[in-house]
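Scroll down for the structure; my scribbles are underneath it.
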Amino acid sequence: MRTLLLSSLFALSVLSTACGQPPDEYAYETHIANIRDANSKGNGFSGMKNLVKTVITSPDNGPRIQEFVDKVIPVFEEAWDGSPEHQVNMLEMLRDIGRPEGANLWKKALGTLDGSEEGRKRVLLALSGIQRSKSKDTVDAVLGLFEGLVKDPSKDKGKAEGEIRMELAKTLGMLKDTKAVPALIAALEQKTEMRPPAIHRAVAEALGQLRDPKAVEPLVIANFSIADELSTKNLGNRVKLALVSIGEPAVPRLLELVTGKPDDIVIKKVVEAEANVADVRFTAALILGSVGSPAAVDDLIKLVPASVCTPAPKEDPKKKDKKKKKDEESEEDLDAKAADEQLRNALVTSLGQIGDPKAVPTICNCSQATTHFEEQFMMVEALGLTGGPEAVTCLANFIKTAESNPDSLPTTDKTPLSIRVEAGRFAILAAGPDQVAAIKEAFAANTDAKVTEGFKAWEPGLQIVETCKADKDCYLKTVKDTNANWFAREKAAVELSRIAAGDQAVAEALAQAYKVREADARVTLALMVARTMRGKKCQTCVDTLEDVMKGEKGSTDVSYQKAVLTARDTIAKLSE
């Protein structure tokens with residue numbers, strides 16, 4: 001008893017200062033001493049955890065975090081094997097500190113996956129720490145565990161089946177080591193019976209982050225051979241974003257897919273999966289627009305089917321017999337025409353997203369070939385986003401003459417002439433100061449009361465271009481003004497993308513302006529952020545767009561869907 005008492009007194013003396021003061025709870029050494037003492041280990045880990053919480057929430061905590069790395073991590077490495085009951089605590093602290101020096105312990109934790117809930121928790125905490133710290137030293141361990149689970153997923157089952165594999169794929173993408181590409185492709189090609197669809201999504205996203213062109217074909221095949229739910233974050237959208245991230249190296253292969261050659265290996269595999277070749281062509285064409293590479297423009301123009309870009313002849317509705325005309329065309333002919341029209345719409349949309357003026361003659365011809373309201377909208381939007389004198393001339397003529405088929409109108413408040421109002425918006429977006437007169441003249445040529453009233457909504461856009469002309473600072477002031485008219489801000493954004501090419505500060509301001517409430521303006525703003533950067537990266541732009549979308553999560557309706565998808569494309573293009 002006396003021996004035990006003396007031992008306890010000695011321990012207390014070690015934890016006291018020379019003046020008999022209690023141990024300093026804010027000193028790492030206090031808790032290290034406890035961790036190393038078998039009788040005080042639990043108190044040591046709990047005390048250390050409290051201290052870590054204090055450190056990570058303190059300002060200017062860099063030196064204290066470095067002190068943790070230098071003093072505490074080696075102690076955790078000593079204690080790991082003999083302290084299984086405290087491993088979760090250690091992993092939580094390493095995650096919160098977020099330094100790559102935790103690699104040895106994270107690798108140890110990855111080796112503890114045994115199918116138990118405790119093992120899953122350790123692995124997930126380790127992966128969280130690796131993701132936060134971007135610890136390159138863990139790549140082999142992460143890859144090894146991923147490959148093992150792809151072959152035998154038995155240790156990743158239960159109510160959260162696939163969670164470990166999803167986080168492993170996410171981690172491999174974040175670590176950006178291309179040695180993971182073959183394993184990720186193998187996982188993408190695995191049958192869905194072996195994995196939940198969510199894993200395919202995570203793998204596609206990781207391949208996008210690694211940006212290896214070898215992933216292009218497997219990604220496209222997966223898109224058409226793996227069934228997934230309809231959503232804005234399904235496999236199809238993840239595949240698109242992955243291809244956008246890969247960027248220009250994906251362009252040649254995507255262009256080949258637009259041709260739809262039957263002997264193409266991807267086309268063959270897609271047909272085997274009972275997918276439609278026309279859908280592959282359509283999807284590849286749209287993805288090329290999201291990629292936004294000017295290198296694709298010449299080929300895209302050539303691929304536009306001439307048969308569905310010939311101006312539609314005006315017919316007298318009293319004389320034409322729609323049924324007879326339909327009967328004269330075979331079902332096969334109608335299907336082929338519908339496929340060509342679908343491809344035309346995708347190609348025109350993509351040409352507009354890329355914005356090269358050499359595409360204007362082709363887009364203009366296509367705009368005269370349809371009277372379907374939504375197709376006409378696609379055409380005038382593409383012309384407006386491309387811009388330039390030739391686009392304005394085409395749009396001015398459209399404003400004077402276009403009509404929509406009454407059967408194609410999307411809502412009851414639209415009339416066959418409503419498309420002219422939409423064209424007015426895009427004509428202003430397309431115009432420089434020298435083309436304003438042509439637009440005003442086109443507006444004045446309209447006598448329909450509803451159309452002339454609709455044109456009034458676009459007056460702020462005309463005013464801003466007449467006021468600012470070629471003054472970058474003038475446009476920038478409008479973009480930053482949250483109280484300014486939304487269309488004036490949209491027009492200012494388009495002008496800035498032209499006169500401030502490559503200016504990151506301008507791109508950042510456009511990303512901030514993405515918060516504008518009008519959904520249509522958001523689409524343009526998201527596109528102009530990327531266009532302004534001209535192929536360069538802008539992580540601050542990415543962070544800004546992501547912050548806006550996170551802040552509004554759950555508060556926007558379906559009308560914002562196109563804006564969100566466009567913003568995600570821009571994020572994929574600009575991410576470092």
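Below, each value reflects all heavy atoms present in this structure, side chains not excepted, and no hydrogens, waters or symmetry copies.
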Any side-chain heavy atom of N104 sitting closer than 4.5 Å to one from K107?
yes
I130 side, atom CD1; L94 side, atom CG - distance, nearest 0.5 Å
10.5 Å
Restricting to pairs with a member in residues 359-382, which pass salt bridge (charged side-chain N to carboxylate O under 4.0 Å, His left out), not counting sequence neighbours?
R344-E375, E381-K562
Looking at V203 and L184, what are the two nearest heavy atoms and their distance?
CG1-O, 3.1 Å
Disulfide bond (SG atoms under 2.5 Å apart) pairs touching residues 513-558, sequence neighbours excluded, are C538-C541
4.5 Å side-chain heavy-atom contact, R253 and V266:
yes
Out of curiosity, L188 CG to L235 CG, how far, rounded to the nearest 0.5 Å?
7.0 Å
Do L127 and L110 touch side chain to side chain, with heavy atoms closer than 4.5 Å?
yes
Is there a donor-acceptor pair under 3.5 Å between the side chain of H200 and the backbone N or O of A227?
no
Under the 3.5 angstrom rule, does the side chain of R132 hit a backbone N or O of R95 as a donor-acceptor pair?
yes
Going from CD on E390 to CD1 on I363, what distance comes out if it is rounded to the nearest 0.5 angstrom?
10.0 Å
How far apart are the C-alpha atoms of K269 and E272, what are their side-chain angles, what is the distance that settles it, and do they pass the salt bridge (Lys or Arg N to Asp or Glu O under 4.0 Å) test?
CA-CA 5 Å; K269 286 185 177 289; E272 287 172 10; 5.2 Å; no
Rounded to the nearest 0.5 angstrom, the CG-CD1 distance for L241 and I287 is 9.5 Å
Tabulate below the donor-acceptor pairs under 3.5 Å that side-chain atoms of residues 135-142 make, not counting sequence neighbours, or state none.
unit_1	atom_1	unit_2	atom_2	d
S135	OG	P100	O	3.4
K136	NZ	L175	O	2.4
T138	OG1	S135	O	2.7
D140	OD1	K179	NZ	2.9

Say whether, by atom type as modelled, one donor and one acceptor occur between the side chain of S367 and the main chain of C364 under 3.5 angstrom.
yes
Does S408 use its side chain to pair, donor to acceptor, with the backbone of F373 at less than 3.5 Å?
yes
Using side-chain heavy atoms (C-beta onward) and a distance below 4.5 Å, is T540 in contact with Q504?
yes
Partners meeting side-chain contact (heavy atoms from CB on, under 4.5 Å) with V181 (sequence neighbours left out)
T178, I185, L207, L210, D212
Heavy atoms only: give me the nearest L525-L510 pair and the separation to one decimal.
CD2-O, 4.1 Å
Looking at K151 and E147, does any basic side-chain N land under 4.0 Å from a carboxylate oxygen?
no
Flag the pair L257 / D264 as yes when at least one side-chain heavy-atom distance between them is below 4.5 Å, and no otherwise.
yes
Can you give me the closest heavy-atom contact between P262 and K268, atom names plus distance?
O-CG, 3.5 Å
Testing the 3.5 Å rule here: is there a donor-acceptor pair between the side chains of T112 and R122?
yes
Student check: side-chain heavy atoms of E167 and L124 closer than 4.5 Å:
yes
Side-chain donor/acceptor of R201 to backbone N/O of D228, under 3.5 Å:
no
Any side-chain heavy-atom pair of V277 and V270 under 4.5 Å:
no
Would you please say whether a donor-acceptor pair under 3.5 Å links the side chains of Q376 and E422?
no
Under 3.5 Å, side-chain donor or acceptor atoms of residues 279-286 against the rest of the protein: list the pairs with distances, not counting sequence neighbours.
unit_1	atom_1	unit_2	atom_2	d
R281	NE	V258	O	2.5
R281	NH2	V258	O	3.3
T283	OG1	D279	O	2.8

For V150, is there any backbone N or O sitting under 3.5 Å from a side-chain donor or acceptor partner on Q190?
yes
Could you check C394 against M379 for side-chain contact (heavy atoms from CB on, under 4.5 Å), going step by step and ending with a plain yes or no?
CA-CA 11 Å; C394 181; M379 307 299 167; over 6 Å; no
Apply side-chain contact (heavy atoms from CB on, under 4.5 Å) to P182 and list each qualifying residue two or more places apart in sequence or on a separate chain.
none
For residues 514-530, the salt bridge (charged side-chain N to carboxylate O under 4.0 Å, His left out) pairs (sequence neighbours left out) are R425-D520, R517-E552, R522-E552
Sorted by chain and residue number, the side-chain hydrogen bond (donor to acceptor under 3.5 Å, both in side chains) partners of E118 (sequence neighbours excluded) come out as none
Backbone N/O of V523 and side chain of T566: donor-acceptor pair under 3.5 Å:
no
Might you point out which heavy atoms bring I571 and S575 nearest each other, and give the distance in Å?
O-OG, 2.6 Å
Can you list the steps and then say if T544 with E508 is a side-chain contact (heavy atoms from CB on, under 4.5 Å)?
CA-CA 8 Å; T544 299; E508 290 168 355; 5.8 Å; no
More than 12 heavy atoms of other groups within 6.0 Å of K121 NZ:
no
Least distance between heavy atoms, M166 atom then A198 atom
SD-CB, 3.7 Å
For residues 292-304, which side-chain donor-acceptor pairs fall under 3.5 Å, sequence neighbours excluded?
unit_1	atom_1	unit_2	atom_2	d
S293	OG	E248	OE1	3.1
S293	OG	A295	N	3.2
D298	OD1	K358	NZ	3.2

Determine whether F487 and L429 satisfy the following criterion, side-chain contact (heavy atoms from CB on, under 4.5 Å), listing intermediate values before the conclusion.
CA-CA 9 Å; F487 184 56; L429 292 183; 3.8 Å; yes
side-chain contact (heavy atoms from CB on, under 4.5 Å) against S231, all qualifying residues, sequence neighbours excluded
E229, K233, N234
S290 backbone acceptor or donor facing K573 side chain under 3.5 Å:
yes
So which heavy atom on A183 is nearest to which on L143, and how close?
CB-CD1, 3.6 Å
Which residues share a side-chain contact (heavy atoms from CB on, under 4.5 Å) with A160, sequence neighbours left out
R120, E163
Take L288 and I354 through the side-chain contact (heavy atoms from CB on, under 4.5 Å) test and state the conclusion after the steps.
CA-CA 9 Å; L288 283 161; I354 296 170; 5.7 Å; no
Roughly how far, to the nearest 0.5 Å, is the CG atom of N223 from the CG atom of N237?
9.0 Å
When you look at NZ of K214, are more than 12 heavy atoms from neighbouring residues, nucleotides or ligands closer to it than 6.0 Å?
no
Going by salt bridge (charged side-chain N to carboxylate O under 4.0 Å, His left out), name the pairs with one or both residues in residues 234-247, residues two or more places apart or in two chains.
E205-R238, K240-D569
Would you say D543 and Q539 are linked by a side-chain donor-acceptor pair, where the criterion is simply a distance under 3.5 Å?
yes
Report the distance from atom OH of Y514 to atom CG of D547, rounding to the nearest 0.5 Å.
13.0 Å
Contact check, side chains of I56 and I97, non-hydrogen atoms, under 4.5 Å
yes
